[in-house]
Amino acid sequence: MVPQFIDREQELRFLELKYQEDRAQFVIIYGRRRIGKTELIKQFIKGKGAIYHLCTSDGILENMNRLKEEFSLFTGKNYFRSMNVKLDELLIYLADEVKDQRVILVLDEFQYLVQSDRSVTSLLQKAWDEKLSGTRMFLILTGSSIGMMENEVLSNKSPLYGRRTGSWKVNEIAFPYLFQFFPRYTVEEVIKAWSVLGGVPLYLIQFDVNKSVEDNLKEKILKKGEHTI
C-alpha cells in the first residue's frame, strides 16, 4: 500500500459503491490542503473512463480552453476545441457524445473555477438539471477551500443545493495509522512525529523513516530554504 492511501479505505469504498450505482452521480470531496484529495481521486479513477481537470486560477477562459482540449482527447471529437460556448453547454455536448457510457468527470480544486466566474455554480446546476442527471455521468467536484465549498456548493443557498448524491470531507490520517508510515519508530517517536506533522499525508511522507525524528526536523523544517512542511 502506498503511503498516501493508508487509512483511506473508507473513502475509496464510498466512491466505488457510488460508481456501482447505475445512475448519474454528483459527488463532493473536500478537505484542507495537502490532505490527499487529489491522490484519492486519481487512485479511484485508475482503469476507468475518466476526464480529470485541475482547475487553476488562470481565469475562466483558460480553464474552458483546457476543458475543451480534454473533452476532445477523450471523445476523439475535434469540434470541442473550436466551440464558443459556456460551461453548461459544453457539459451537455459532452453528455451527448458519451451517451450511456459510465464516464467520470473530475473538476479538481473547483473553488478556482468559482473564483474566476461566479456564475459557474448556476451553469453547472443548469447542465445537471437539463441533461447530466439523466445520464450515467459521474461528476466529482473537489475543493481545498472548506469555507467556499460549504458556502458555494453545499449550502442551501447554493444553486447546486439538492443536486449532490454524496459528499465526503477528507480528514487527517488517524493516529494509529501513523505506525504504518513509521514502522521503525517507537511509540514515543511516532508521538513526536505526530505532534509536529499531525495526520497530513503530504507532510508524513516527507520524513525519512531511516532517520530519527530530530534529524528529520532539522532537515525538513529547521534547515534554511526548506518549505516542504
side-chain hydrogen bond (donor to acceptor under 3.5 Å, both in side chains) against Ser72, all qualifying residues, sequence neighbours excluded: Arg81
Lys131: salt bridge (Lys or Arg N to Asp or Glu O under 4.0 Å) partners, not counting sequence neighbours: Asp96
Partners passing ring pair (Phe, Tyr, Trp, His ring centres under 6.0 Å) against Phe74 (at least two apart in sequence or in another chain): none
Side-chain donor-acceptor contacts of residues 133-142 below 3.5 Å, not counting sequence neighbours, with atom names and distances?
| residue | atom | partner | partner atom | Å |
| --- | --- | --- | --- | --- |
| Ser133 | OG | Trp128 | O | 2.9 |
| Thr135 | OG1 | Leu132 | O | 2.7 |
| Thr135 | OG1 | Met137 | N | 3.1 |
| Arg136 | NE | Asp22 | OD1 | 2.7 |
| Arg136 | NH1 | Asp100 | O | 2.9 |
| Arg136 | NH2 | Asp22 | OD1 | 3.3 |
| Thr142 | OG1 | Asp108 | OD1 | 2.2 |
| Thr142 | OG1 | Glu109 | N | 3.0 |

By ring pair (Phe, Tyr, Trp, His ring centres under 6.0 Å) - contacts of Phe14 (at least two apart): Trp168
Test ring pair (Phe, Tyr, Trp, His ring centres under 6.0 Å) applied to Tyr93 - qualifying residues, sequence neighbours left out: none
Partners passing salt bridge (Lys or Arg N to Asp or Glu O under 4.0 Å) against Glu21 (at least two apart in sequence or in another chain): Arg23
Sequence neighbours excluded - side-chain hydrogen bond (donor to acceptor under 3.5 Å, both in side chains) pairs with any residue from residues 149-162: Arg118-Glu152
Donor-acceptor contact present, side-chain Asn216 to main-chain Phe207, <3.5 Å: no
Residues in side-chain hydrogen bond (donor to acceptor under 3.5 Å, both in side chains) contact with Arg32, at least two apart in sequence or another chain: none
Residues forming a ring pair (Phe, Tyr, Trp, His ring centres under 6.0 Å) with Tyr112, sequence neighbours excluded: none
Test of ring centre spacing under 6.0 Å for Phe179 and Phe175: yes
Salt bridge (Lys or Arg N to Asp or Glu O under 4.0 Å) contacts in which one or both residues fall within residues 45-60, not counting sequence neighbours: Glu16-Lys48
With Lys18 via side-chain hydrogen bond (donor to acceptor under 3.5 Å, both in side chains) - residues at least two apart: none
